[in-house]
Protein chains: 2
Amino acid sequence: MSIEALTEADDGPRSKRPAILAAAVECFGEVGYEATKWSEVADRVGIGQTALYHYFESKAHCLLTIMRLGLRNSDAAFREATAGAPSSSHALRAAVEAAYALSPQEVQQNRILQSNIALLANERASRREETERQACRELVAQVEHNWAELLERGMAAGEFPRRDPQMMARSLLGLVVGVWRWYRPGGPLELRTISDFITGCCVRMVAGREPDAG
Amino acid sequence: MSIEALTEADDGPRSKRPAILAAAVECFGEVGYEATKWSEVADRVGIGQTALYHYFESKAHCLLTIMRLGLRNSDAAFREATAGAPSSSHALRAAVEAAYALSPQEVQQNRILQSNIALLANERASRREETERQACRELVAQVEHNWAELLERGMAAGEFPRRDPQMMARSLLGLVVGVWRWYRPGGPLELRTISDFITGCCVRMVAGREPDAG
DNA sequence: AATCAAACTGAACTCAGCTCAGTTTTGAGC
DNA sequence: GCTCAAAACTGAGCTGAGTTCAGTTTGATT
């Protein structure tokens, strides 16, 4: 299991933060945030329950951190994938493919993000949780902005028909991340197959002209 | 607030079940399932906390009931909307439009369904909860089947290019229900505007031919 | 060895969800 | 009007996951 997707700069060498996050991703991904016992996470890491509070203010704080890191990775992956694209159509394809170029652990992380996105709507009582929440909201806005900007460029270049870029960005994102609701690693469908299929859908949605009503 | 979307045949005239469900929809929709106190629901209905257990086995049982009724309504709306459609293209448009022809309360209900869909993945400990979960899963499968069948008909008739109907059905559903993640009644965008936009996206996705790479 | 911060622990607290044992309300049938 | 059963409801108390606290251990540095 790759640990770097859950590591941050300010983690010391003795820190169990990444290990806790990895264990929490497993638990939250398998049985859901609410159903996982916080103590189960501690057991998997091999520490007492109270040691968790050395690293996280609460179970929710841990979840919000997982979500923020997932969003951070999505943002970075988008930028890297679309950086040198020769056209907006190529950039669009690259962006969708990048969204599915993930390890099983990162898939879990994305499912968790998707399942608990509603958590970002309401204010949090504690300061550290609220800080993470705000960071998540900004990253969500950033990711939406990335897609909207790609679309705007394509429309300006005449590659894509003119349509509301923000709504289109949100629709694309809904289509792309909606997959995490039903995809399971090891299931009947390969991620590669899904990626190709969704890429086609996105391209038709964005670049396609309205066919005549039949 | 319409109450019929939350009523069932076996509710007697004195039953507060629909009222509890309506209050729960408000609470769960506003602050989320986890953050709402079960006692807050009781307060809104005007009964003691323990009276809730006369109608529901648990808070989760109430949530699962809300989800099942939402799915039941979606299934019914799809059938009604597509029943007399002269072509698969018309049926597709009608199905998408029907998915957005909802009262604000039903919008909340759909948001709740969407937010807690992961709850359906894992078995429930108690029998009544498990029964509701199974019913939800069957309805989800039914709704997916409805869409897939519509697509298959259109492909057989030559209206839509041949593509995997199940994946396409799931993609359409992801696109359609993804809206509930960001749409809020009273927000800047009218539901009618969103409905038209998403309808266009769906039609291009399903009926559109792959444009040449640009 | 002394020191200090990071890492950790066991016991106890909190409070939302829930159980239980019993009471009140309602409507149908005499 | 009275009886009775079922539905509707209640207050007191239990339960357990999340959390706090006061103190201990570990390990790198000097």
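Below, read A as the first sequence line, B as the second, and so on, with proteins coming before strands; counting in each chain starts at 1.
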Any residue meeting side chain to side chain contact (heavy atoms under 4.5 Å, CB included) with B/Val143, in chain and number order, not counting sequence neighbours: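 Side chain to side chain contact (heavy atoms under 4.5 Å, CB included) check on B/Val143 returns B/Asp75, B/Trp147, B/Leu173.
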A/Thr50: what forms a side chain to side chain contact (heavy atoms under 4.5 Å, CB included) with it, not counting sequence neighbours? none
Let me know the distance between [atom1] of [X] and [atom2] of [N], rounded to the nearest Å.
X       : N      : atom1 : atom2 : value
B/Asp43 : D/dT10 : CG    : C1'   : 14 Å
B/Ile47 : D/dG11 : CD1   : P     : 12 Å
B/Leu52 : C/dT19 : CG    : P     : 12 Å
A/Tyr55 : C/dA6  : OH    : P     : 11 Å
B/Ile20 : D/dA7  : CD1   : C1'   : 13 Å

Between the side chains of A/Gln49 and A/Ser39, does any donor sit under 3.5 Å from an acceptor? no
For [X], check salt bridge (Lys or Arg N to Asp or Glu O under 4.0 Å) against everything at least two apart and list the hits.
X        : result
B/Asp164 : none
A/Glu149 : none
B/Arg181 : none
B/Glu144 : B/Arg170

The ring pair (Phe, Tyr, Trp, His ring centres under 6.0 Å) partners of A/Tyr183 (sequence neighbours excluded) come to none
Produce a footprint string for nucleotides 17-30 of chain D: one letter per nucleotide, 5' end first; B if the base is under 4.0 Å from any protein heavy atom, S if only the sugar-phosphate is, - if neither. SSBBB----BS---
Does anything in residues 115-125 of chain B come within less than 4.0 Å of DNA chain D? Heavy atoms only, and list the residues if so.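 Contacting residues: none.
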